Amino acid sequence: MENNRNFLIAMALSIAVLVGWQFLVVSPRMDAQRQSTETVQNDGSLQTPQTPAGTPQENVAAPAGRESVVPSEGTVTAVPATREEAVASGARIPIDTPALSGSINLTGARLDDLRLKNYHETVKDTSPTIVLLSPENLPTGYFAEFGYIGQNAGDLPGPATKWQAEGNQTLTPTTPVTLTTTNGAGVTFSRQISVDDNFMFTVEDAVRNGGAQPVTLSSYGRVTRYSKPEVASVYVLFEGLIGVFGEDGLSEVKYSAIESDERFTPPKVASGWLGITDKYWATTLIPQAGQPFQSRFLYLTGNRPRYQTEYVADPVTLAPGTTVTATNRTFAGAKVVDVIDGYEDTLNIRQFGQLIDWGWFYFITRPMFHALDWLYRFIGNFGLAILAVTVVLKLIFFPLANKSYKSMARMKNMQPKITELRERFKDDKQKQQQEMMRIYKEEKINPAAGCWPILIQIPVFFALYKVLYVTIEMRHAPFFGWIQDLAAPDPTSIFNLFGLIPVDLPSFLLVGVWPIMMGITMFIQMRLNPTPPDPTQQMIFTWMPVIFTFMLASFPAGLVIYWTWNNTLSIIQQTVIMKRNGTKIELWDNLRGMFRRREKPSES
């Protein structure tokens, strides 16, 4: 029993360390994010506020060998007052789809104005929609672009090229747009841009050499960003530069890492994709499969530091009178699981599903999400889906948990015999252990039986935490009452009387109704067992529910709801099994013992 308790304490303290990371690191960052997003920015910030890339520096050239190989316009000097002013400063093609609104900049044929219609900055539908891409001359500049580089081919389409729109003047899922430009060497570039109902743009380029000489050129693509999320890359989440490169698979470089290294060069491949990802949103390029390309992840210094993922395809040579075509794609939008997986399957995009950060334990996290999503389609509420998944998991692991609780019940029944044994061999620890093991064997008792319910809960806990934290389906998903976002902490707090006192509290004092309920159920579950004889263990078991209440208060509400419901089911299950085995339930005795005043020793 002593070893069992020590193991339980070790497991609980291990969880406390991991929970402490959330409490001490993630929670302050989330608190800063929540405070920042309360103010609507005129320049159209993302869901997380943006900061300029890196630290502002003097105008210094990039180190040799680290510069971009694609053309750039250089430093932008004129900064518009508002985002609307920046968008209105040039000729554009409007974008209007069920999921997106914005425009294509005819200068550079650049995708640099994009809003996500179905996602808002807060849980209120009246709040501004999420801005994903913005013009380069804004502090939050973020765009995707395709172009050409080469030699002896005249002026090739790049950032400063003025494209002409032919025919249709609005990009919708049913009406693609066609852009054209011809350079001084007689080379004509025709670009048809189409978009689906979600977030995928298809760019079909046709290049015709109308000159008298062969021309050699290479297509390029880049995603450039002049800012990064203020609340970036907590331990359980990747944000930064990302790509999949052929057989080498997934490559991820955080903002801090690329700022330090300045350049990352994946291998040359003929399939894959690359871009920049945030917690919920991403912008990626998917080069034409079968055509080799060389990619780079860059941190470019200068007056305006920026992050950039780029690729350059192998050069092709066009004889006079010939035409070459290529089809590239850009994904720009929300990382919806079904949409991302659908693109991987229908467009044959290698490992595109890894754009969503499922983590190392994806074999648990993905099934957890799909189970919740499947139940949600029937129930219509993700909170109820979490409760239903908890019941299903309890049924799946019922034989193991049932065996564990039975073993615990038998161990409690044997407690008087074990106490007598300890008294008999109190001076011979080795003999004491041998006799205890003999009793365990004869009575078919597993000393570690009580650990299994906790061990089972740990992977489920982390899988659900990951699902709640990284999947956009959980973002702003309501439960009931005051829980309007299962991915955010319970917004109430006992320290302001659950909102009755109008005062702003620091994050560590935001202890809401659900964390308190979780602490109560944890307290009851622990009090079903006999009080440990060791004073240190007694203190740990007494204060652990309180500590966990404060720690879990900063976790997503959905996770706290799961833990509360799981504790409740465990209490019911353990109580029933103890009664069936004729084992005394220690709850009431333990509660009375907590408040019973110790008798003072009589004076002689």
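Numbers here simply count residues along the sequence, with the first being 1. As the structure is a computational prediction, the values presented were derived from the model and not from experiment.
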Query raised in the report: Sub-3.5 Å donor-acceptor pair from the side chain of Gln288 to the main-chain atoms of Asn328, do we have one?
Result: no

Query raised in the report: Can you check whether Tyr280 reaches Ile130 side chain to side chain, under 4.5 Å on heavy atoms?
Result: no

Query - Test item: Asp490 and Ile483 side chains (from C-beta on) under 4.5 Å apart, heavy atoms - result: yes

Query raised in the report: Do NZ/NE/NH1/NH2 and the carboxylate oxygens of Asp278 and Arg475 come within less than 4.0 Å?
Result: no

**Report entry** Presence of salt bridge, Arg329 and Asp196, under 4.0 angstrom
**Finding:** no

Query - Row check, Phe369 ring normal vs Lys466 NZ/CZ: under 6.0 Å, within 45° - result: no

**Report entry** Lys117/Asp96 salt bridge by N-O under 4.0 Å criterion
**Finding:** yes

Query raised in the report: Taking C-beta and beyond as the side chain, do Asp373 and Phe382 meet within less than 4.5 Å on heavy atoms?
Result: yes

Query raised in the report: Between Arg304 and Glu136, does at least one N-O distance fall below 4.0 Å, as a salt bridge requires?
Result: no

Query raised in the report: Charged N to carboxylate O under 4.0 angstrom, Asp314 versus Lys268?
Result: yes

Query raised in the report: Is there a donor-acceptor contact under 3.5 Å linking the side chains of Gln164 and Thr180?
Result: no

Query - Pairwise side-chain contact, Tyr142 with Arg225, heavy-atom cut-off 4.5 Å (strictly under) - result: yes

